Every structure is written in C-alpha cells, then in structure tokens.
Student: 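Quick one: the structure is below, questions incoming.
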There are 2 protein chains.
Amino acid sequence: MGYSIKTIAQKSGLSQYTLRYYEREGVLPVVARDVNGNRCFNDEDLELISLICCLKDTGMAIADIKQFIAFSQEGRDRLPDQRKLLQEHKQHIDEKIKFFQSFARKIDHKIAYFASLENEAKASGNHKTT
Amino acid sequence: MGYSIKTIAQKSGLSQYTLRYYEREGVLPVVARDVNGNRCFNDEDLELISLICCLKDTGMAIADIKQFIAFSQEGRDRLPDQRKLLQEHKQHIDEKIKFFQSFARKIDHKIAYFASLENEAKASGNHKTT
DNA sequence: TATTGACTTACACCTAACTCTAAGGTCTAA
DNA sequence: TTAGACCTTAGAGTTAGGTGTAAGTCAATA
C-alpha cells in the first residue's frame with residue numbers, strides 16, 4: 001500500500017537523502033507513515049514531486065517552492081497566490097529561454113570563429129587566442 | 001590607461017569581490033597591474049569577462065570555465081580543445097532550452113487549471129488543492 | 001534466534017560560489 | 001597634512017542545497 005522512499009527515489013531521480021531533506025524543509029508536504037513509522041508515498045505525492053523537480057530544474061529556489069507547497073496545503077483560498085507564483089516563475093523561464101537562445105547563437109559564432117582560426121593555424125605558428 | 005576594478009564591476013555586473021575571486025581561481029587570466037599594483041583591465045579583458053558571464057549564466061561550472069580559459073592561454077594548439085568545450089556546452093544549452101520549453105507548456109496548463117478551480121471555488125467551499 | 005536489509009531520526013559535514021573583514025598602501029583635494 | 005576615496009592581500013564567514021554518519025527499530029528469512 002503506497003511506495004517506499006526507495007521506490008520514490010528511483011522513480012523521481014532524487015536521492016533518499018534529498019527526499020527526507022525536502023520533507024524536513026517543507027518542500028514536500030508531510031508524508032504519510034505506515035504502522036512502523038516508515039514513509040508511505042502515494043501517486044499524488046509522486047505527481048507533486050514531479051512538479052517540484054520541474055520548478056527546481058527551471059531555477060526556482062527551494063524557499064519559493066516551499067512557499068508554493070505551503071499555499072497548496074492551505075486550501076482553495078490560496079489558489080490565486082499559487083497561480084501568481086507560477087505565473088511569475090513562467091516569466092523567468094521565458095526570459096531564460098530567450099537568453100539561452102541568444103547565447104546559443106553567440107557560442108555558434110565563437111565555434112565558427114575557432115574553426116576558422118584552426119584552419120589558419122594549420123599553415124602558421126602557435127599564438128595566444130580568445 | 002585601462003579600467004579600474006570598480007569600472008569593470010560596473011560594466012560587467014560582477015562585484016569587485018567576484019572579479020578578484022575569479023582571478024584568484026584562474027577563471028580570469030592574470031590581470032595587468034599599474035605602478036601601484038592596482039588591477040588595470042583592458043577591452044580584451046572586458047570581452048572575455050562578457051563571455052565568462054555568458055558561460056556561467058548558462059550553467060557552466062566555474063571549474064569548466066577555468067579549463068576553457070587555461071586552454072586559451074596556452075595558444076593555438078589548444079583551439080580544438082576550446083572548441084570542443086564550447087560545443088559540449090552548446091549541447092547542454094540546447095537541451096535546457098527544450099526542457100524549459102516543455103516545462104513552460106506544463107506550467108501554462110497548471111495555471112489554466114488553477115484558474116478553472118478558482119472559478120469553481122467562487123461557488124463553493126475551501127478545500128486542499130494541487 | 002540470529003542475521004540481513006530497509007527503514008527511522010538527529011545531527012554533522014561537504015561543495016560551489018561567493019562575500020566580507022582586517023590591516024594596510026597610495027593618490028588627490030582642501 | 002590630513003581626510004577621503006580608492007586600491008591591495010590573506011583569510012575567515014556565509015548561503016544554498018544537499019550528503020553522509022551513527023545509533024536504533026522493525027520484519028522477513030536462514
């Protein structure tokens with residue numbers, strides 16, 4: 001009945017240490033326990049962990065994720081607050097995508113420039129670059 | 001005659017602490033000094049710092065940037081190594097862009113879902129969400 | 001029944017990337 | 001000639017986000 005921490009670690013890609021750390025910090029809501037006091041995750045937890053990973057991997061700070069989770073535990077009154085957090089984060093992501101795309105172009109130019117220098121170098125000496 | 005650390009901090013957006021730290025760590029090549037031993041940056045340094053910021057802001061670790069800079073100080077023999085590092089990093093960036101885009105879609109769905117719940121909630125009680 | 005393996009908590013430790021402090025040198029303007 | 005703004009180094013402290021250890025519980029199995 002429910003998943004052990006080991007299973008969830010495998011499914012989520014987070015370590016057991018990290019899962020416990022997240023629960024301790026309030027990044028995860030408190031997880032249910034079985035009769036022996038062992039954590040007993042369900043599909044809803046798994047779903048939430050996947051969202052948390054997405055938020056984290058797109059650069060949201062643990063403290064902000066914690067705030068988001070806290071709102072989700074408070075009930076429907078907090079839906080607008082949750083939505084606001086997501087919308088703000090979405091904006092950050094959009095900005096990052098733009099920045100990354102512009103840098104991808106910049107780096108492509110650099111690579112082409114290096115390639116041209118390499119061809120040059122085949123015919124001459126060995127000097128400093130950049 | 002060159003730029004002071006203060007000027008470079010303003011132009012680059014890095015703090016003076018960070019600039020010194022970068023030089024200490026070899027993230028920046030050793031910077032020229034004036035007669036009093038004060039750092040004296042030039043336009044080439046500024047150019048390099050801009051590249052370093054791009055690498056860092058797109059997630060390259062300080063240690064890898066350091067390696068890149070070390071190659072650039074060794075001369076044209078290392079051009080292929082420099083190019084390889086950039087190409088690998090470019091791949092990471094491309095993957096990140098894809099991941100970020102897919103998450104941007106996911107979060108948009110979530111936002112829409114929250115909005116629909118909010119409308120529902122206007123007519124009923126206050127329960128847990130997510 | 002003794003061992004094995006998975007789990008628990010509390011707490012110490014680690015790494016990356018800064019960030020600050022202390023103690024001091026040099027230049028310029030009043 | 002002193003005040004203030006700027007710089008220097010060495011080294012300590014901070015923050016975020018984990019990661020690891022020690023000591024103990026519990027259940028299944030040889």
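Since we're looking at a predicted model, the values are computed, not measured. Letters A, B, ... are given to chains in the order of the sequence lines, protein chains preceding strands, and every chain is numbered from 1.
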Student: Is it true that the NZ or CZ of B:Lys11 lies under 6.0 Å from the centre of B:Tyr3's six-membered ring and within 45 degrees of the ring axis?
Tutor: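 Verdict for B:Tyr3: a cation-pi partner in B:Lys11.
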Student: Which residues, if any, of residues 4-16 of chain B bring a heavy atom under 4.0 Å of DNA chain C?
Tutor: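 Close to the strand, none.
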Student: Any side-chain heavy atom of A:Leu86 sitting closer than 4.5 Å to one from A:His89?
Tutor: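 They are not in side-chain contact.
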Student: Just how far is it from atom OG1 of A:Thr7 to atom CD of A:Gln10, taken to the nearest 0.5 Å?
Tutor: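 The CD atom of A:Gln10 is 6.0 Å from OG1 of A:Thr7, to the nearest 0.5 Å.
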Student: Does the distance from a Lys or Arg side-chain N to an Asp or Glu carboxylate O, for B:Asp94 and B:Lys90, drop under 4.0 Å?
Tutor: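 Yes, this pair counts.
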Student: With B:Tyr21, which residues qualify under ring-ring contact (aromatic ring centres under 6.0 Å, His included), at least two apart?
Tutor: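 For B:Tyr21 there are no ring-ring contact (aromatic ring centres under 6.0 Å, His included) partners, ignoring immediate neighbours.
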Student: Please report the distance, rounded to the nearest Å, between OH in A:Tyr17 and P in C:dT8.
Tutor: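 Roughly 13 Å, once rounded to whole Å.
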Student: Where does the chain B footprint on DNA chain D start and end, counting 5' to 3' with a 4.0 Å heavy-atom cut-off?
Tutor: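 Contact boundaries, 5' end first: D:dC6 to D:dT9.
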Student: Would you mind reading off the distance between B:Arg24 atom CZ and C:dC20 atom P, rounded to a whole angstrom?
Tutor: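 From B:Arg24 CZ to C:dC20 P: 13 Å.
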Student: Would you say A:Gln101 has more than 12 foreign heavy atoms packed within less than 6.0 Å of its CD?
Tutor: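 Yes, the 6.0 Å shell around CD holds more than 12 heavy atoms from other groups.
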Student: Whole-Å distance between C:dA17 P and B:Asp57 CG?
Tutor: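 Taking CG of B:Asp57 and P of C:dA17, I get 12 Å after rounding.
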Student: Starting at CZ of B:Arg20 and ending at C1' of C:dT21, how long is that distance when rounded to a whole Å?
Tutor: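 About 12 Å, once rounded to whole Å.
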Student: What class does the angle between the rings of A:Phe99 and A:Phe103 fall in, given that below 30° is parallel, 30 to 60° is tilted and above 60° is perpendicular?
Tutor: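 Judged by the thresholds at 30° and 60°, the geometry between A:Phe99 and A:Phe103 is parallel.
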Student: Quick one, which residues of residues 32-42 of chain A touch DNA chain C with a heavy atom under 4.0 Å?
Tutor: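 The stretch gives A:Arg33, A:Gly37, A:Asn38, A:Arg39 as the residues lying under 4.0 Å from the strand, ordered by number.
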Student: Using residues 45-57 of chain A as the side-chain source, report each donor-acceptor pair under 3.5 Å to any protein atom, sequence neighbours left out, with the distance given to one decimal.
Tutor:
residue : atom : partner  : partner atom : Å
A:Asp45 : OD2  : A:Asn42  : N            : 3.0
A:Ser50 : OG   : B:Lys106 : NZ           : 3.1

Student: Going by the rule side chain to side chain contact (heavy atoms under 4.5 Å, CB included), which residues pair with A:Glu88 if we only count those two or more places apart in sequence or in a different chain?
Tutor: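 Side chain to side chain contact (heavy atoms under 4.5 Å, CB included) list for A:Glu88, sorted by chain: A:Lys84, A:Leu85.
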Student: Side chains of B:Gln16 and B:Arg20: do they bring a donor and an acceptor to under 3.5 Å?
Tutor: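 There is such a pair between these side chains.
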